[in-house]
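Have a look at this one.
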Amino acid sequence: MTSAREIRLLRSFVKYLTIAVVVAVSAATLLGALAVLYPYLELINHFRLALLAASAAAVPVAFWVGARKLRLASVCLLLVNVLFGSAPLIAQASSAAQPSLRVTTFNVWINNPKPQEVVDYLRETDADIVVLQEVGDHLEQAIVPPLRDKYPHVVSCARRNCGLVMLSKTGWLDAGSSDRTRASPPIVWARFAGATKPYVVTGLHLAFPFQPDMQVDHMNWLADRAQREHDTQIIVGDFNLSPFSFKLNAFAQKANLRQHALFGASWPGNRFVPVVLIDNLLASPDVKAVKVSYGPQGYGSDHYPLTFDIALE
């Protein structure tokens, strides 16, 4: 039978453990908020859901141990993380019941040892448009020719400082690509006629998370490009930014785009289970979200593929 002294000792231990958790999560939350000034700190914000879960778990424990200041601190910490965690909802895409277009994005990884599995997955998924990242010469030869019967229209910059391929079942009005520079990301793009007005699908691969200043430059370049366009915009690929990053949300607001995936995970796809969503689709407000599907595995890649069923108004 547990004695009163043992219960007091347990409460004391849990109290100090909870204090440590609240202090650690508070420090991480504060540092993440400073990402606006120091882009490198954006790495913390990618794990907003983990911070939210930890702060939520601290609240009932703080009330159980009975420390008044700890209760107040844990509740305030939870509210701050709920506020930050709700930011992507501002730019969340509206929903529709029936899709009119299916788009798949997949960072296949430059050293992918299983290109045939990628081919089989893309055939099974049967998207209208596919955007692939980290495609070198070898992977392009292994993946694109076997899919020519399904995707006769291809725009590729795989053999340059770009590594992107776009596959389409239907033809486009025009298409092109541009390489990675310090100021701009690598992109492939195609302009389609659409039922009522043209739409442009842009595939991209932004700078890596450990290149935060370059990420800022790439996002600014993309926002300026989107603002100059009058057609419906669909931007899809490996953003290397989660929906909870300040940079991605600022880009969505500046370019007037909506996020179509918020709470899933796509990386790392080659270790246990993915924990961060860094692949996404952002589109003009007239593009409605129907469904987002995550690949059941990485098919030789460190990313999971994502497939978006969307509706074009």
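None of these values were measured; they are calculated from a predicted model. Sequential numbering from 1 along the given sequence is applied to the chain's residues.
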Distance-only polar pair, side chains of Thr29 and Asn81, donor-acceptor under 3.5 Å:
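Yes, Asn81 and Thr29 have a side-chain donor paired with an acceptor closer than 3.5 Å.
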
I'd like to know if the side chain of Thr125 pairs up with that of Thr104 as donor and acceptor (distance under 3.5 Å, no hydrogens or angles considered).
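Result is no, nothing qualifies.
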
State whether Arg182 and Asp217 are salt-bridged, where the test is any N-O pair (Lys NZ or Arg NE/NH1/NH2 against Asp/Glu carboxylate O) under 4.0 Å.
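Counted as a salt bridge, because a side-chain N and a carboxylate O are separated by less than 4.0 Å.
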
Leu72-Val82 co-clustered via ILVMFWY side chain contacts under 4.5 Å
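No, no single cluster joins them.
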
Flag the pair Asn280 / Phe308 as yes when at least one side-chain heavy-atom distance between them is below 4.5 Å, and no otherwise.
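They are in side-chain contact.
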
Ser168 versus His153, side-chain donor and acceptor atoms under 3.5 Å
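The answer is no; no qualifying pair exists.
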
Regarding Asp231 and Arg191, does a basic nitrogen lie under 4.0 Å from an acidic carboxylate oxygen?
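Here Asp231 pairs with Arg191 in a salt bridge, since their nearest N and O are under 4.0 Å apart.
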
Please assess Val154 against Arg148 for the test side-chain contact (heavy atoms from CB on, under 4.5 Å), listing each intermediate value before the final yes or no.
CA-CA 9 Å; Val154 179; Arg148 277 286 190 176; 3.5 Å; yes

For Gln253 and Asn249, test the side chains for any donor-to-acceptor distance below 3.5 angstrom and give the result as yes or no.
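No, Asn249 and Gln253 have no side-chain donor paired with an acceptor closer than 3.5 Å.
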
Is a salt bridge present between Lys150 and Asp128, judged by a nitrogen-to-oxygen distance below 4.0 Å?
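Salt bridge flag = no for Asp128 with Lys150.
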
For Gln92, is there any backbone N or O sitting under 3.5 Å from a side-chain donor or acceptor partner on Gln259?
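No; zero donor-acceptor contacts below 3.5 Å.
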
Flag, side chain of Tyr40 to backbone of Asp213, donor-acceptor distance under 3.5 Å:
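Not confirmed, Tyr40 side chain does not pair with Asp213 backbone.
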
Is it possible for you to say whether Ile234 and Val200 belong to one hydrophobic cluster, with membership spreading through side-chain heavy-atom contacts below 4.5 Å?
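Ile234 and Val200: separate clusters.
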
Tell me whether the count of non-hydrogen atoms from other residues, nucleotides or ligands lying under 6.0 Å of NZ in Lys169 goes above 12.
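Atom NZ in Lys169 is packed in, count exceeds 12.
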
Output yes when a side-chain donor or acceptor of Glu134 lies under 3.5 Å from a complementary backbone atom of His205, and no otherwise.
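Not confirmed, Glu134 side chain does not pair with His205 backbone.
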
Within the 3.5 Å criterion, strictly below it, is a donor on Asp238 or Gln133 matched to an acceptor on the partner's side chain?
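The answer is no; no qualifying pair exists.
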
Short side-chain to backbone donor-acceptor contact, Ser242 and Val276, under 3.5 Å:
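Not a single qualifying donor-acceptor pair exists.
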
Would you say Ile19 and Leu70 make side-chain contact, with heavy atoms under 4.5 Å?
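When only atoms from C-beta onward are counted, Leu70 and Ile19 do touch, with a gap below 4.5 Å.
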
I'd like to check Val14 versus Val61 (side-chain heavy atoms, cut-off strictly below 4.5 Å). Are they in contact?
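Yes; the side chains approach each other to less than 4.5 Å.
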
Verify the distance criterion only: is there a donor paired with an acceptor across the side chains of Ser184 and Arg225 at less than 3.5 Å?
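No, no side-chain donor-acceptor pair sits under 3.5 Å.
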
Same apolar cluster (I L V M F W Y, side chains within < 4.5 Å links), Val118/Tyr151
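Linked, Val118 and Tyr151 end up in one cluster.
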
Please check if the number of heavy atoms outside Lys114 that lie under 6.0 Å from its NZ is greater than 12.
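Not buried by this count: 12 neighbours or fewer within 6.0 Å.
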
Are Val155 and Ile187 joined in one hydrophobic group, where the rule is that I, L, V, M, F, W and Y side chains link up if heavy atoms are under 4.5 Å apart?
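No; tracing contacts between hydrophobic side chains, which count when under 4.5 Å, never links both residues.
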
Under a 3.5 Å distance rule, please check whether Ser245 uses its side chain to pair with a backbone N or O of His46 as donor and acceptor.
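Between the backbone of His46 and the side chain of Ser245 there is no qualifying donor-acceptor contact (under 3.5 Å).
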
Looking only at non-hydrogen atoms, find the nearest pair between Ala28 and Ile44 and report the distance.
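In this case the closest contact between Ala28 and Ile44 is O-CG2, 3.4 Å.
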
When you compare the side chain of Val131 with that of Leu204, does any pair of heavy atoms fall below 4.5 Å?
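A side-chain contact is absent here, since even the closest heavy-atom pair is not under 4.5 Å.
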
Which atoms form the tightest heavy-atom contact between Ser301 and Asn112, and what is the distance?
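Scanning both residues completely, I find the closest heavy atoms to be N-ND2, 3.6 Å.
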
Common cluster, Leu31/Leu77, ILVMFWY with side-chain heavy-atom separation under 4.5 Å
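Cluster IDs for Leu31 and Leu77 match.
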
Return the CG to CZ distance between Leu206 and Arg180, rounded to the nearest 0.5 Å.
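Output value for this atom pair is 8.5 Å.
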
Considering all heavy atoms, the nearest Gly32-Phe246 contact
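The pair with the smallest heavy-atom distance is O-CE1, 3.3 Å.
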
Taking atom CG of Leu277 and atom CG of Leu262, what is their separation to the nearest 0.5 Å?
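Rounded to the nearest 0.5 Å, the CG-CG separation comes out at 8.0 Å.
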
Working for side-chain contact (heavy atoms from CB on, under 4.5 Å), residues His260 and Val287:
CA-CA 9 Å; His260 282 245; Val287 179; 3.9 Å; yes

Evaluate salt bridge (Lys or Arg N to Asp or Glu O under 4.0 Å) for Asp179 paired with Arg160, printing each intermediate quantity in order.
CA-CA 7 Å; Asp179 292 354; Arg160 308 200 311 265; 2.9 Å; yes

Between the main-chain N or O of Gly300 and the side-chain N or O of Glu117, is there a donor-acceptor pair closer than 3.5 Å?
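No, the answer is negative, given that no donor and acceptor are paired below the 3.5 Å cut-off.
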
Can you check whether Phe208's main-chain N or O pairs, donor with acceptor, with Gln211's side chain at less than 3.5 Å?
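A pair under 3.5 Å: yes.
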
Within the 4.5 Å heavy-atom criterion, are Thr232 and Pro198 side-chain neighbours or not?
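Not in contact.
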
Could you tell me if Asp279 and Thr105 have a donor-acceptor pair between their side chains, going purely by distance under 3.5 Å?
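No pair is found: no donor N or O on one side chain lies under 3.5 Å from an acceptor on the other.
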
What's the separation between atom CG in Asn107 and atom CG in Leu306, rounded to the nearest 0.5 Å?
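That separation rounds to 11.5 Å.
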
Stepwise, does the side-chain contact (heavy atoms from CB on, under 4.5 Å) test hold for Leu147 with Leu167?
CA-CA 9 Å; Leu147 292 170; Leu167 311 173; 3.9 Å; yes

With the side chain counted from C-beta on, respond yes when Ile129 and Arg102 share a heavy-atom pair under 4.5 Å apart, and no when they do not.
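No, side chains not in contact.
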
Could you check Trp189, Phe192, Trp172 and say which one makes a ring-ring contact (aromatic ring centres under 6.0 Å, His included) with Tyr199?
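With Tyr199 as partner, ring-ring contact (aromatic ring centres under 6.0 Å, His included) holds for just one option, Phe192.
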
Rounded to the nearest 0.5 Å, what's the gap from CG on Leu281 to OG1 on Thr307? Could you check?
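So the CG of Leu281 and the OG1 of Thr307 are separated by 11.0 Å.
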
Minimum side-chain heavy-atom gap Arg258-Ser284 below 4.5 Å:
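Result no, sub-4.5 Å side-chain heavy-atom pair not found.
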
Assess whether side-chain contact (heavy atoms from CB on, under 4.5 Å) is satisfied between Ile278 and Phe239, documenting all intermediate values.
CA-CA 6 Å; Ile278 57 177; Phe239 286 82; 5.9 Å; no

Of all the heavy-atom pairs spanning Pro185 and Trp221, show the shortest one and how long it is.
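Closest pair (atom of Pro185, atom of Trp221, distance): CD-CE3, 3.5 Å.
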
Rounded to the nearest 0.5 Å, how far apart are OG of Ser86 and CZ of Phe244?
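It comes to 9.0 Å.
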
For the atom pair CG (Leu222) and CZ (Phe251), what is the distance rounded to the nearest 0.5 Å?
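Nearest 0.5 Å value for the CG-CZ distance: 5.0 Å.
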
Using the ring of each side chain (for Trp, its six-membered ring), is Tyr299 parallel, tilted or perpendicular to Phe106, with breaks at 30° and 60°?
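It falls in the perpendicular class, over 60°.
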
On a heavy-atom basis, which atom in Cys162 and which in Ser178 lie closest, and how many Å separate them?
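For Cys162 and Ser178, the tightest heavy-atom pair comes out as SG-O, 3.6 Å.
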
Side chain of Ser74, backbone of Ala62: donor and acceptor closer than 3.5 Å?
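Looks like no, no N/O pair under 3.5 Å.
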
Between the main-chain N or O of Thr181 and the side-chain N or O of His218, is there a donor-acceptor pair closer than 3.5 Å?
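Confirmed, His218 side chain pairs with Thr181 backbone.
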
Are the side chain of Glu42 and the backbone N or O of Pro212 linked by a donor-acceptor pair below 3.5 Å?
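Checking the backbone N and O of Pro212 against the side chain of Glu42, no donor-acceptor pair under 3.5 Å is found.
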
Any side-chain heavy atom of Val135 sitting closer than 4.5 Å to one from Val108?
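Yes, side chains in contact.
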
Do Gln233 and Thr202 get their side chains close enough for a donor-acceptor pair, meaning under 3.5 Å?
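Distance-only check fails for Gln233 and Thr202.
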
Test salt bridge (Lys or Arg N to Asp or Glu O under 4.0 Å) applied to Asp309 and Lys288, step by step
CA-CA 9 Å; Asp309 289 311; Lys288 309 302 180 183; over 6 Å; no

